[in-house]
Amino acid sequence: MDWIGRSVSEMASALQQGEVTAQALAEEHLSHIEACEPKVRSFLEVFREQALTAAEAVDRKRAAGEKLGPLAGVPVAIKDNICVKGEIASCSSKMLENFRSPYNSHVTERLLDAGAVLVGRTNMDEFAMGSSCESSAFFPTSNPWDLDRTPGGSSGGSAAAVAAGFAPIAIGSDTGGSIRQPASFCGVVGLKPTYGRVSRFGLIAFASSLDQIGPIATDVCGAALTLDAIAGHDGRDSTSAKEPVPSFSDALDQPLAGLRVGVVAEHDNDGLDDEVRQAVAKSVDAYRKLGAEIVNIDLPNAQYGVAVYYVLAPSEASSNLARYDGVHYGYRAEAENGPHSMIEMYEHSRGQGFGDEVKRRIMLGTYALSSGVYAAYYKKALEVRRLIRDDFTKAFESVDFVLSPTSPTPPFKIGEMIDNPLALYLNDLFTIGANLAGLPAISLPCGKTSSGLPIGVQLIAPAFEEARLLRASRMLEQEIGWDGELAGCVSQLAGD
Ligand code: GLN
């Protein structure tokens, strides 16, 4: 296990120096996956043959002296709601179980251009609705740190794959925390870029005003290198921003001076686990030690975030998911006793194709948008969303970043929350604000519980400030010293 669990930059530079071939790296990862994946179940499908062929091509090009991309030969796992040409993209739903994408997403194209070797598609909550990977129509994924616990969600398969050493990078999507919460549960780094920073062309939509694609990686540098590859304008996504894209990895090791880090007093409430509180307090101390000024700030409307999100996201989902009716797209129910009526065909197709959580969201959203209640729910939620965004704008007049826990609790047990959707929704308390306001936010490991479970800290930055956000994260990462922890997780998993 020479390379398993090592960082993206270590792998990329070893590949460039010729210390390892892409093929050897792919083979080593594939055999580690073969040995340990049955315990974790992070993949819906491993692209064994495709990965070996792609790795071979990278080696061939390198040998021929061709110019290669920065991720040439690096294994990457991809969430199952992001289209890869010729492969299934099921969103972990029976509805799309047999949907094979005829085209590549923008992010897939960029990764392939950068030379990445796609190793498989990862499990997720169905249509990205959930925080535990348990709403997958196929199976739940386990947390590599403790197999009885969830890896978080919805990008739980992606985060688990990175923590398990199956790939140093995995791509996720984040609508209300789905990159950051699983990253925090799995002791890895997860970045949700600014809304518009990464094109969503080829991302299967959940809630279009909130969805964003981003990297999950072993460390901050890995996230920066991946963002370098996938960020930038794309005319095929009308919300894609025309902002200039700096190199996120270039200046990463230059510490920032005069940092002002905002903390929010109301974040410290009853729902916050003690060990999470302590670990996050240590991150605040670490910044203080690094010379940052810690500033108390107010986000008075943050308390309404969960309520606002759970009106807006289901409303958008109810519209986005209308296309899955067995005719335009998706699972088509068989007629049991001869042909049934058209209405029955729709009902059966949607009834059988979607799982419980997705149906709950569609019903919630359809209700919130219906005439008579629209103004009381959907419109009101939009108004409060604006207030939440204004709170951040005001906060950023006096601070560079807002620091908070990523999730109020450490990873919970599989099955523990399954019958209590509301408790699960509350898990998104700290992550939802960045989506509602469209801001970039990162989760990085900041400590462990007494039983050895990872805890994450979140930093939120002003729009399009990912470069500074990543530099500040790198400072904290070095101060906390997480190096070696992932290797520990991987060897425990392999030895179990
Ligand atoms: N947990 C949140 C939800 O269930 C967020 C999901 C996401 O970011 N895709 O909606």
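Quick caveat: nothing in here was measured; it's all calculated off a predicted structure. One-based numbering along the sequence shown.
- Between V284 and V261 there is no side-chain heavy-atom pair separated by less than 4.5 Å.
- Two residues are said to be in side-chain contact when any heavy atoms from C-beta on lie closer than 4.5 Å; H32 and W3 fail this criterion.
- Here the side chain of D400 pairs a donor or acceptor atom with the backbone of R260 at under 3.5 angstrom.
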### Message
I'd like to know whether L476 forms a side chain to side chain contact (heavy atoms under 4.5 Å, CB included) with S283, so could you lay out the CA-CA distance, the side-chain angles of the two residues, the decisive distance to 0.1 Å, and finally the verdict.
### Response
CA-CA 7 Å; L476 184 60; S283 297; 4.1 Å; yes
### Task
Could you give me the CA-CA distance, side-chain angles and deciding distance for I216 and S155, then say whether side chain to side chain contact (heavy atoms under 4.5 Å, CB included) is met?
CA-CA 9 Å; I216 295 177; S155 314; 4.1 Å; yes
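- With S173 contributing its side chain and D211 its backbone, the two residues share no donor-acceptor pair below 3.5 Å.
- Looking only at distances, no side-chain donor or acceptor of D148 sits under 3.5 Å from a matching main-chain atom of K413.
- The neighbour count for R389 CZ, taken as heavy atoms of other residues, nucleotides or ligands under 6.0 Å away, does not exceed 12.
- For Y425, the ring pair (Phe, Tyr, Trp, His ring centres under 6.0 Å) partners at least two apart in sequence or on another chain are Y310.
- When the options E27, E37, E34 are evaluated for a salt bridge (charged side-chain N to carboxylate O under 4.0 Å, His left out) with R48, the one that passes is E34.
- T406 and Q458 make their closest contact through OG1-N, 3.4 Å (heavy atoms, listed as atom of the first residue, atom of the second, distance).
- Between V76 and V117 the shortest side-chain heavy-atom distance does not fall below 4.5 Å.
- Using cut-offs of 30° and 60° for the angle between ring planes, the F412 and F185 rings count as perpendicular.
- Of all non-hydrogen atoms in V58 and G115, the two that sit nearest each other are CG2-O, 3.8 Å.
- Residues N320 and F127 fail the side-chain proximity criterion, which asks for heavy atoms closer than 4.5 Å.
- Using a 4.0 Å cut-off between charged nitrogen and carboxylate oxygen, E45 and R121 count as a salt-bridge pair.
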### Message
I'd like to know whether Y309 forms a side chain to side chain contact (heavy atoms under 4.5 Å, CB included) with L210, so could you lay out the CA-CA distance, the side-chain angles of the two residues, the decisive distance to 0.1 Å, and finally the verdict.
### Response
CA-CA 9 Å; Y309 174 88; L210 301 157; 3.8 Å; yes
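- Atoms OG and CD1, from S135 and I418 in turn, are 8.0 Å apart once rounded to the nearest 0.5 Å.
- When side chains are defined from C-beta on, R180 counts as touching D174, because their heavy atoms get closer than 4.5 Å.
- In terms of modelled atom types and a separation under 3.5 Å, the side chain of D125 and the main chain of E134 share a donor-acceptor contact.
- Pairs passing the ring-ring contact (aromatic ring centres under 6.0 Å, His included) check and including a residue from residues 191-233, sequence neighbours excluded, read Y103-F201.
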### Task
Take S154 and S178 through the test side-chain hydrogen bond (donor to acceptor under 3.5 Å, both in side chains) and record every step on the way to the result.
CA-CA 5 Å; S154 65; S178 275; 2.7 Å; yes
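- Contact check on R110 versus D113 returns no salt bridge, with no Lys/Arg side-chain nitrogen under 4.0 Å from an Asp/Glu carboxylate oxygen.
- D237 places no side-chain N or O within donor-acceptor distance of the main-chain N or O of S199, the cut-off being under 3.5 Å.
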### Task
Start with the C-alpha gap between R288 and D285, add the side-chain angles, then the distance that decides, and say whether salt bridge (Lys or Arg N to Asp or Glu O under 4.0 Å) holds.
CA-CA 5 Å; R288 207 176 273 122; D285 286 343; 2.9 Å; yes
### Query
Does the pair V276 and S407 meet the rule for a side chain to side chain contact (heavy atoms under 4.5 Å, CB included), with working shown?
CA-CA 8 Å; V276 174; S407 166; over 6 Å; no
### Query
For S208 and E316, what are the C-alpha separation, side-chain angles and deciding distance, and is it a side-chain hydrogen bond (donor to acceptor under 3.5 Å, both in side chains)?
CA-CA 7 Å; S208 308; E316 295 184 29; 4.8 Å; no
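- Residue P193 comes nearest to Q212 through the heavy atom pair O-CG, 3.4 Å, listed as atom of the first residue, atom of the second, then distance.
- Residues I171 and I82 form a side-chain contact, since some pair of their non-hydrogen atoms from C-beta on lies under 4.5 Å apart.
- Nearest heavy-atom pair, I4 versus G165, reported as atom, atom and distance to 0.1 Å: CG2-O, 3.5 Å.
- The two atoms that bring S240 and D234 nearest to each other are OG-N, 2.8 Å, heavy atoms only.
- Using a distance-only test at 3.5 Å, with no hydrogens or angles considered, a donor-acceptor pair links the side chain of T194 to the main chain of F464.
- Residues A161 and T122 approach most closely at CB-CG2, 4.4 Å, considering heavy atoms.
- Side-chain atoms of R200 and T239 include a donor-acceptor pair closer than 3.5 Å.
- Although no hydrogens or angles enter the test, the distance criterion places no donor-acceptor pair under 3.5 Å between the side chain of S136 and the main chain of E126.
- Rounded to the nearest 0.5 angstrom, D483 CG and S7 OG are separated by 8.5 Å.
- In this structure, E28 does not pair ionically with R6, as no charged nitrogen and carboxylate oxygen lie closer than 4.0 Å.
- Using a distance-only test at 3.5 Å, with no hydrogens or angles considered, no donor-acceptor pair links the side chain of S132 to the main chain of G153.
- Counting heavy atoms from C-beta on, the side chains of E477 and V189 come closer than 4.5 Å.
- At distances below 3.5 Å, not a single donor-acceptor pair connects side-chain atoms of N123 with backbone N or O atoms of S42.
- To the nearest 0.5 Å, the span separating CG on L71 from CG on D228 amounts to 8.5 Å.
- For R277 and D274, the salt-bridge test passes: some basic side-chain N is under 4.0 Å from an acidic carboxylate O.
- Here the straight-line distance linking atom NZ of K448 with atom CH2 of W145 works out to 5.0 Å at 0.5 Å rounding.
- Rounded to the nearest 0.5 Å, atoms SG (C133) and CD1 (I414) are 9.0 Å apart.
- Under a 3.5 Å cut-off, the side chain of Q181 and the backbone N or O of S131 do form a donor-acceptor pair.
- Side-chain contact between C489 and P144 is present, with heavy atoms from C-beta onward closer than 4.5 Å.
- Taking CZ of R149 as the reference point, atom CD of E416 lies at 7.0 Å (rounded to 0.5 Å).
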